[in-house]
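Please read the structure below before turning to the comments.
Quick note: numbers below take in every heavy atom, side chains included, and nothing from hydrogens, waters or symmetry partners.
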Amino acid sequence: MRKFEEGISFDWDDLVELVRRTAVIDREKITADCVRGFRFLAELTPEERVLANDQHQRELALAERLLLGL
């Protein structure tokens, strides 16, 4: 989150290449939107973190337990 908030290691030049030349890039708005949009990731429960890191989708029992709790 700190990278988004402070704009650290964000490749603004790459973004410029990806959008129309006439598009105005508002760095503050973009970083604020990213922080707001991804803030939930900092608030994951330990179980949700396990699922988020389960690249091979092996934690099926845990996923079922969490789904039943919704």
inquiry  = Between R58 and D54, does the salt bridge (Lys or Arg N to Asp or Glu O under 4.0 Å) criterion hold? Intermediate values first, please.
reply    = CA-CA 7 Å; R58 294 181 179 145; D54 183 19; 6.0 Å; no
message = Between L44 and V50, is there shared hydrophobic-cluster membership here, with clusters defined by ILVMFWY side-chain heavy atoms closer than 4.5 Å?
response = no
ask   = Do W12 and I30 have side-chain heavy atoms sitting under 4.5 Å apart?
value = yes
key: E43, CD: over 12 other non-hydrogen atoms inside 6.0 angstrom   = yes
query = What pair of heavy atoms forms the shortest contact from E48 to T45, and how long is it?
reply = OE1-N, 2.8 Å
ask   = For the atom pair CG (D14) and CD (E17), what is the distance rounded to the nearest 0.5 Å?
value =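 Taking CG in D14 and CD in E17, the distance rounds to 7.5 Å.
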Pair up each side-chain donor or acceptor in residues 59-70 with any protein partner under 3.5 Å, not counting sequence neighbours, and list the distances.
none

